[in-house]
Amino acid sequence: MPELPEIEIVRRSLFKMVNKAKITNIKINNKNLRYKIPHRFSKQLIGEKILDISRRSKYLIFHFKKKKLLSHLGMSGKLLLFKEKSNTLLRTSFYYDLNILPQHNHIYFFLNNNLTIIYNDVRRFGFFKIFNNIELNQIPFLKKLGLEPFNKKFHLEYFKNFVKSRKKNIKNLLMDQTFVSGLGNIYVNEALFISKIHPLRKCNNLKKKEIIILISNIKKILRDSISKGGSSIKDFINSRGKSGNFQQYFRVYDKENKNCSRNSCRGLIKKIWISKRSSFYCSNCQK
DNA sequence: TTCTTTGTTCCGGA
DNA sequence: GTCCGGAACAAAGA
């Protein structure tokens, strides 16, 4: 569920607390994540100092002197911060109040500042990979990615150029990470709703005006979501266990059979599947 | 037992 | 060669 805004919030909240901290130990409870954690994993990271944490699309990158640790949270991955001294107290609040179960704590990164980063993931679709001496844009997972939505180059001309020879529907285009990277199902649904564009419209048939509105809305919705603390389908919390609250602002996602929230409309929200992904749209105002 | 959920990769047909 | 949709994959809860 975490999409760009959620990852950005995790990045910011982690960075505040663990920048310049050194990894003193690592405990792996379950190495079977999306990709199996190799034996050398702990050895390669212990003693390394976190020099930066950056984000590309939905990936987090921990920067060390020569190494980079790439992480993707998959569907339900969480990076929790744990204060050693008040261990018990935080455990309670993380694990029970927020329905985070300790049996899904898979990796512990112990730091020299009395904090521990815990990777918790119910479905284990997330992953960690270490890269040595490599530029960011050469990392295999990152080099195929399209523009970041906030990139100034993500504009009308880029869109028109990209769809010139393409015929897919606009929903699948926005889900395509080689076109624009960081959007997932939820924000694509929302952006199309706000832009009054039907998800099945062919991407090369959008009018100039519609493209401009859509791009502007994508940027706006991501920015708003970050400022509100990230989306919070209940699986998502930020690194300090604080739940995001963007969920209450969803206008179309998971609103099947509800009335359209647009004042002037009041059409019915429909649910369809597009490439096996649930898609919600207003049958009246999304043309 | 089956369905649904996600992002990503892989594959075959067009 | 390129585009595009579908399948597979990971795990678990309903």
Side-chain angles (χ1 to χ4, degrees), chain A residues 1-8 10 28-38 55-61 70-79 95 98-107 119-129 131 139-146 148-149 159-191 199-205 222 225 230-237 244 246-247 250 252-257 271-280:
Chain A
M1 310 258 180
E3 300 179 30
L4 188 152
E6 290 78 28
I7 303 302
E8 177 60 20
V10 169
I28 300 172
N29 282 348
N30 190 338
K31 53 183 182 293
N32 296 305
L33 304 183
R34 179 71 178 84
Y35 305 110
K36 197 168 181 176
I37 301 287
R55 179 192 60 74
R56 174 76 170 102
S57 184
K58 304 166 199 171
Y59 296 88
L60 272 180
I61 306 105
L70 181 74
S71 175
H72 193 290
L73 302 185
M75 275 180 76
S76 52
K78 301 162 190 77
L79 286 165
Y95 297 152
L98 288 162
N99 204 22
I100 301 229
L101 301 173
Q103 65 258 40
H104 302 304
N105 286 347
H106 305 308
I107 306 184
Y119 183 66
N120 178 292
D121 190 348
V122 174
R123 295 180 184 79
R124 285 197 260 138
F125 292 2
F127 70 81
F128 290 90
K129 281 211 182 255
F131 294 91
I139 291 177
F141 295 87
L142 307 183
K143 64 179 175 192
K144 284 173 263 175
L145 293 174
E148 285 283 315
F159 187 108
K160 277 165 61 176
N161 190 45
F162 194 95
V163 303
K164 214 177 285 174
S165 56
R166 289 170 222 249
K167 296 173 188 163
K168 63 166 78 169
N169 62 57
I170 183 63
K171 197 209 167 193
N172 280 341
L173 178 78
L174 297 182
M175 297 287 283
D176 180 352
Q177 303 296 305
T178 68
F179 170 61
V180 63
S181 61
L183 295 172
N185 201 27
I186 293 172
Y187 290 98
V188 168
N189 274 288
E190 293 294 308
L200 288 173
R201 288 275 298 282
K202 295 295 171 207
C203 62
N204 56 352
N205 276 343
L222 294 176
S225 179
S231 135
S232 65
I233 291 267
K234 64 175 184 292
D235 266 344
F236 176 74
I237 60 170
F246 193 73
Q247 178 188 33
F250 287 166
V252 72
Y253 185 83
D254 211 16
K255 302 282 187 197
E256 189 186 12
N257 290 329
K271 179 179 189 178
I272 56 173
W273 278 265
I274 301 176
S275 298
K276 293 272 174 78
R277 293 288 189 266
S278 55
S279 306
F280 302 85

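Basis for what follows: all heavy atoms, side chains included, without hydrogens, waters or symmetry-related copies. Chain letters run A, B, ... following the sequence lines, proteins first, then strands; residues in each count from 1.
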(request) Hey, can you tell me if Tyr59(A) and Phe141(A) have their rings parallel, tilted or perpendicular (30° and 60° cut-offs)? (result)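 Aromatic pair Tyr59(A)/Phe141(A) classed tilted.
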
Would you indicate, yes or no, if [N] has its OP1 or OP2 atom less than 4.0 angstrom from a side-chain nitrogen or oxygen of [X]?
X         : N      : result
Tyr253(A) : dT6(B) : yes
Ser278(A) : dT4(B) : no
His72(A)  : dT8(B) : yes
Lys58(A)  : dG7(B) : yes
Ser165(A) : dC3(C) : yes
Trp273(A) : dT5(B) : yes

Nearest whole Å is fine: how far is [N] [atom2] from [X] [atom1]?
X         : N      : atom1 : atom2 : result
Lys271(A) : dC3(B) : NZ    : C1'   : 11 Å
Lys144(A) : dG7(B) : NZ    : P     : 17 Å
Met175(A) : dT5(B) : CE    : C1'   : 12 Å
Phe162(A) : dC4(C) : CZ    : P     : 8 Å
Phe179(A) : dT2(C) : CZ    : C1'   : 17 Å
Phe127(A) : dT6(B) : CZ    : P     : 18 Å
Lys168(A) : dT2(C) : NZ    : P     : 15 Å
Lys78(A)  : dT6(B) : NZ    : P     : 14 Å

Considering residues at least two apart in sequence or located in another chain, which fulfil the side chain to side chain donor-acceptor pair (under 3.5 Å) criterion with [X]?
X         : value
Ser71(A)  : none
Ser275(A) : Asn172(A)
Lys171(A) : Asn185(A), Ser279(A)
Lys144(A) : none

If you restrict it to nitrogen or oxygen atoms, what contacts under 3.5 Å exist between nucleotides 12-14 of chain B and the protein, and what is each distance?
none

(message) Going by salt bridge (charged side-chain N to carboxylate O under 4.0 Å, His left out), name the residues that satisfy it together with Arg55(A), two or more places apart in sequence or in a different chain.
(response)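 Partners of Arg55(A) by the salt bridge (charged side-chain N to carboxylate O under 4.0 Å, His left out) criterion, ordered by chain and then number, come out as Glu8(A), Glu148(A).
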
(message) Checking Lys168(A) now: which residues fulfil salt bridge (charged side-chain N to carboxylate O under 4.0 Å, His left out) with it, not counting sequence neighbours?
(response)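 In terms of salt bridge (charged side-chain N to carboxylate O under 4.0 Å, His left out), with neighbours along the sequence ignored, Lys168(A) is linked to Asp176(A).
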
(request) Compare all side-chain heavy atoms of Arg124(A) with those of Leu33(A) and state whether any distance is below 4.5 angstrom. (result)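 Counting from C-beta outward, Arg124(A) and Leu33(A) do come under 4.5 Å.
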
With sequence neighbours left out, write down each residue that passes ring-ring contact (aromatic ring centres under 6.0 Å, His included) with [X], or none if nothing qualifies.
X         : result
Phe125(A) : none
Phe159(A) : Phe179(A)
Tyr119(A) : Phe128(A)

(request) Specify the angle, to 10°, made by the local axes at the two ends of the helix from dT2(B)-dA14(C) to dA14(B)-dT2(C) when five pairs are taken at each end. (result)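 End axes: 50° apart.
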
(request) Between protein and nucleotides 7-14 of chain C, map the contacts as a letter string: B base, S sugar-phosphate only, - none, heavy atoms under 4.0 Å, written 5' to 3'. (result) S-BBBS--

(request) Report yes or no: does Asn29(A) contribute a side-chain atom to a donor-acceptor pair with the main-chain N or O of Asn105(A) at less than 3.5 Å? (result)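 Answer holds: yes.
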
(message) What's the closest nucleotide to the side chain of Asn172(A) if the choices are dT8(B), dG7(B), dG5(C)?
(response)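 Output: dG5(C).
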
